[in-house]
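Numbering starts at 1 and runs along the sequence shown. No hydrogens, no waters, no symmetry mates; every other heavy atom, side chains included, goes into these values.
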Amino acid sequence: MKTDIRNIDPTFLTLAKKSIAGIYLVNKGRFIFVNENVSRYTQYPVADMIGAKADSLIHPDDKKWVKKEARRMLRGETSVPYIFRIITKKGQIRWVMERVWPYSVGGDQMILGNTMNVTDRRQAQEQLRASEDLYRTIFETTGTAMFISEEDTTVSVVNTEFEKLSGAGKDFWEGKRSWREFVHKNDLKRMLRYHRDRRNNPDSAPHKYEFHFLDQQGNSRQVIMFMSMIPETKRSVAALVDITDRMQAERKLQASEVLYRAIFETTGTAMSICENDTTVSLVNSEFEKLSGASKAYWEGKHSWTEYMHPDDLDRILRYHRDRRIDPALAPRAYEFRFVDRQGKIHDMVNTITVLPETRQSLSSYIDISDRKKYEQTLIRREAELQEKTRNLEELNAALRVLLKQRDEDRTELEENVFSVLNQLVMPSIEKLKKSPLKESDRASVRVIEAHLKEVTSSFVRKLSAEHLKLTPRELQMAGMIREGRATKEIAELMNISSATVEIHRHHIRKKLGLKGKKTNLATYLSSLA
């Protein structure tokens with residue numbers, strides 16, 4: 001081997017020793033020359049390397065591929081250097097970049113190698129690649145639509161979420177389209193200004209702003225864009241957050257809040273919202289009227305215990321605690337006495353509920369002071385009515401006694417009258433009938449007798465009781481009609497004309513409710529006996 005070195009051109013050896021690259025010569029697969037640079041990155045002394053196999057340093061996993069690339073280069077098929085791993089004397093792995101040429105020394109064909117330790121660069125590349133892979137992974141999996149824009153507004157890179165948002169794939173956007181295509185015309189001028197200003201001074205344009213994003217189907221989405229410049233470039237990276245649903249939800253929430261605040265204010269009922277510590281956090285106008293103090297006095301400053309009557313306070317505080325343990329432990333509606341700022345006491349019904357997912361409670365107050373007064377008045381009047389009822393019952397009892405006494409007196413009077421008539425008057429009538437009288441006088445006696453009998457009969461009493469509108473003369477004539485007497489006979493007995501009798505018949509039928517009916521008057525009167 002040493003003889004071979006003597007045959008090497010001294011100029012070559014001088015240049016090889018002075019070179020900043022690693023220079024070596026291989027003959028028949030073994031090193032016959034290496035410079036200090038090769039010794040330095042392999043950690044083998046030069047003397048140890050001379051005569052060693054040239055492939056002994058190559059990493060086992062790269063050996064086959066390195067030999068293949070070396071042969072191609074020796075045949076002139078490629079001139080591109082190749083990079084591979086070696087294992088140093090201390091067992092470290094290093095990367096080297098190599099080129100080889102055929103070289104002739106004293107007629108022997110050798111291989112001239114030019115190598116360079118590129119471990120640091122390779123590690124930097126791997127770190128860069130790892131970093132790139134990391135950021136590309138983040139770019140793809142962040143869950144946010146992202147794109148990279150060039151200075152001329154061309155979209156150079158997009159991620160999967162951007163594809164979903166825009167409704168078009170990477171092959172549609174990347175390197176072919178401008179971000180201006182997805183910006184609503186009302187926002188375009190502003191965003192182009194931001195684009196220019198950002199490239200002159202990154203801090204001269206906002207890093208976060210909203211705009212309307214148009215997808216490929218023409219749908220408008222409201223988005224927030226976070227924009228930053230990529231250092232040492234004119235490129236910018238943007239992240240888009242679709243806030244359309246959130247904005248719609250917020251608008252609905254605002255509308256709902258406006259609605260419920262309007263209801264809270266215009267319900268016509270005093271209402272308040274109280275915190276867990278009893279602080280009054282919100283009141284409406286009706287509560288201001290009821291309490292005699294403004295919202296500025298109550299809200300966030302004072303406790304509902306201030307308007308609670310002292311005799312009710314312990315009970316209501318117990319309700320307050322129990323309700324926050326379990327709403328079912330306290331009544332939803334109850335009565336209490338409300339003391340306003342002027343010291344006036346109001347009887348109230350409080351309907352209360354705990355607001356969902358909070359420790360707050362909503363109270364609705366109804367003033368029942370007038371109802372309470374009315375109830376007290378009713379109770380007092382009911383007591384008076386019961387007293388009057390007892391008095392009336394006592395009076396009715398007395399009246400019943402008097403009526404019973406009157407009936408007994410009337411019965412006794414009737415019995416006396418009937419006794420006198422039967423025992424004294426009627427015998428005298430019988431004597432008159434037997435005495436010599438003119439026929440006309442005898443007829444009168446018979447009439448008198450008949451009427452006296454009627455006095456004692458139930459017919460006259462019944463007719464008089466049921467038909468009090470009949471005159472005495474009509475009662476007299478009704479008795480004759482019941483006996484079946486004809487109009488002419490009645491006229492002679494009563495010394496009136498037949499026409500007058502007919503008129504009395506007509507009046508009797510009318511008063512008895514027989515006008516317009518075919519009922520026979522004599523028959524009807526007989527039924528009353």
Side-chain angles (χ1 to χ4, degrees), residues 249 252-390:
K252 289 180 181 179
L253 183 61
Q254 290 172 355
S256 176
E257 184 176 351
V258 170
L259 171 63
Y260 286 110
R261 182 170 286 276
I263 293 172
F264 186 78
E265 280 295 334
T266 62
T267 181
T269 302
M271 300 184 77
S272 69
I273 294 177
C274 298
E275 302 299 321
N276 188 43
D277 64 357
T278 76
T279 301
V280 177
S281 55
L282 191 67
V283 301
N284 67 357
S285 301
E286 291 298 322
F287 186 91
E288 291 181 295
K289 296 176 185 176
L290 173 65
S291 67
S294 67
K295 296 179 181 180
Y297 174 85
W298 287 111
E299 292 181 348
K301 300 175 183 177
H302 293 270
S303 167
W304 57 257
T305 57
E306 292 187 21
Y307 57 75
M308 196 67 56
H309 192 281
D311 294 343
D312 297 327
L313 184 56
D314 288 343
R315 172 173 59 93
I316 308 306
L317 278 170
R318 186 175 69 253
Y319 292 166
H320 180 84
R321 291 190 299 267
D322 292 347
R323 186 176 295 110
R324 280 152 180 79
I325 297 171
D326 181 355
L329 294 177
R332 188 170 182 271
Y334 53 84
E335 293 185 16
F336 75 100
R337 284 162 290 183
F338 187 107
V339 183
D340 65 23
R341 300 305 300 166
Q342 289 71 46
K344 182 180 178 181
I345 297 175
H346 304 259
D347 290 301
M348 307 295 295
V349 170
N350 182 16
T351 302
I352 189 166
T353 184
V354 176
L355 298 177
E357 300 180 7
T358 74
R359 305 284 285 175
Q360 297 176 310
S361 55
L362 171 66
S363 293
S364 175
Y365 307 93
I366 298 176
D367 192 335
I368 59 170
S369 300
D370 292 340
R371 191 186 80 183
K372 281 285 189 179
K373 292 178 182 178
Y374 181 68
E375 288 176 353
Q376 293 299 322
T377 301
L378 285 179
I379 292 171
R380 187 174 63 255
R381 289 183 178 178
E382 184 178 357
E384 293 173 354
L385 182 60
Q386 289 176 350
E387 181 64 25
K388 290 179 179 179
T389 301
R390 284 193 297 270

Selection residues 283-293 - residue pairs positive for side chain to side chain donor-acceptor pair (under 3.5 Å), sequence neighbours left out: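 Matches after skipping sequence neighbours: Glu265-Ser285, Glu286-Lys289, Ser291-Trp298.
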
[atom1] of [X] to [atom2] of [Y]: how many Å apart, nearest 0.5 Å?
{"X": "Asp312", "Y": "Arg315", "atom1": "CG", "atom2": "CZ", "result": "5.0 Å"}
{"X": "Tyr319", "Y": "Asn350", "atom1": "OH", "atom2": "CG", "result": "11.0 Å"}
{"X": "Asp311", "Y": "Ile345", "atom1": "CG", "atom2": "CD1", "result": "8.5 Å"}
{"X": "Glu384", "Y": "Gln386", "atom1": "CD", "atom2": "CD", "result": "10.5 Å"}

Sequence-distant partners of Tyr297, ring pair (Phe, Tyr, Trp, His ring centres under 6.0 Å), two or more places apart: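 His302.
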
Partners meeting ring pair (Phe, Tyr, Trp, His ring centres under 6.0 Å) with Phe336 (sequence neighbours left out):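 Scan of Phe336 (ring pair (Phe, Tyr, Trp, His ring centres under 6.0 Å), adjacent residues dropped) gives none.
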
Check: His320 side chain, Asn276 main-chain N or O, donor-acceptor pair, under 3.5 Å: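 Yes, the answer is positive, given that a donor and an acceptor are paired below the 3.5 Å cut-off.
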
Asp322 (side chain) donor-acceptor with Ala330 (main chain) under 3.5 angstrom: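 Not at all, since once roles are kept as given, no pair shorter than 3.5 Å links the two residues.
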
Non-hydrogen side-chain atoms of Arg337 and Lys372 separated by less than 4.5 Å: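 In short, these two side chains do not touch, never coming nearer than 4.5 Å.
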
By salt bridge (Lys or Arg N to Asp or Glu O under 4.0 Å) - contacts of [X] (at least two apart):
{"X": "Arg332", "result": "none"}
{"X": "Arg321", "result": "none"}
{"X": "Glu387", "result": "Arg390"}

Per-pair distances, 0.1 Å, donor-acceptor, side chain in residues 362-369, under 3.5 Å, sequence neighbours excluded:
{"unit_1": "Tyr365", "atom_1": "OH", "unit_2": "Ser272", "atom_2": "OG", "d": "2.9"}
{"unit_1": "Tyr365", "atom_1": "OH", "unit_2": "Tyr307", "atom_2": "OH", "d": "2.6"}
{"unit_1": "Asp367", "atom_1": "OD1", "unit_2": "Ser369", "atom_2": "N", "d": "2.9"}
{"unit_1": "Asp367", "atom_1": "OD1", "unit_2": "Ser369", "atom_2": "OG", "d": "2.7"}
{"unit_1": "Asp367", "atom_1": "OD2", "unit_2": "His346", "atom_2": "ND1", "d": "3.0"}
{"unit_1": "Ser369", "atom_1": "OG", "unit_2": "Asp347", "atom_2": "N", "d": "2.9"}

Go through the structure and list residues passing side chain to side chain donor-acceptor pair (under 3.5 Å) with [X], not counting sequence neighbours.
{"X": "Glu299", "value": "none"}
{"X": "Arg323", "value": "none"}
{"X": "Arg381", "value": "none"}
{"X": "Thr267", "value": "none"}

Give the minimum heavy-atom separation between [X] and [Y], together with the two atoms involved.
{"X": "Phe338", "Y": "Met348", "result": "CB-CG, 3.4 Å"}
{"X": "Cys274", "Y": "Ser281", "result": "N-OG, 4.2 Å"}
{"X": "Ser303", "Y": "Val280", "result": "C-CG2, 4.0 Å"}
{"X": "Gln360", "Y": "Thr358", "result": "N-OG1, 3.1 Å"}

Lys295 atom NZ, over 12 foreign heavy atoms within 6.0 Å: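 Result for NZ/Lys295: enclosed.
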
Under the side-chain contact (heavy atoms from CB on, under 4.5 Å) test, residues paired with Thr266 that sit two or more places apart: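 Listed in chain order: nothing, the list is empty.
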
Salt-bridge criterion met for Arg371 and Glu375 (N-O under 4.0 Å):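 Glu375 and Arg371: salt-bridged.
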
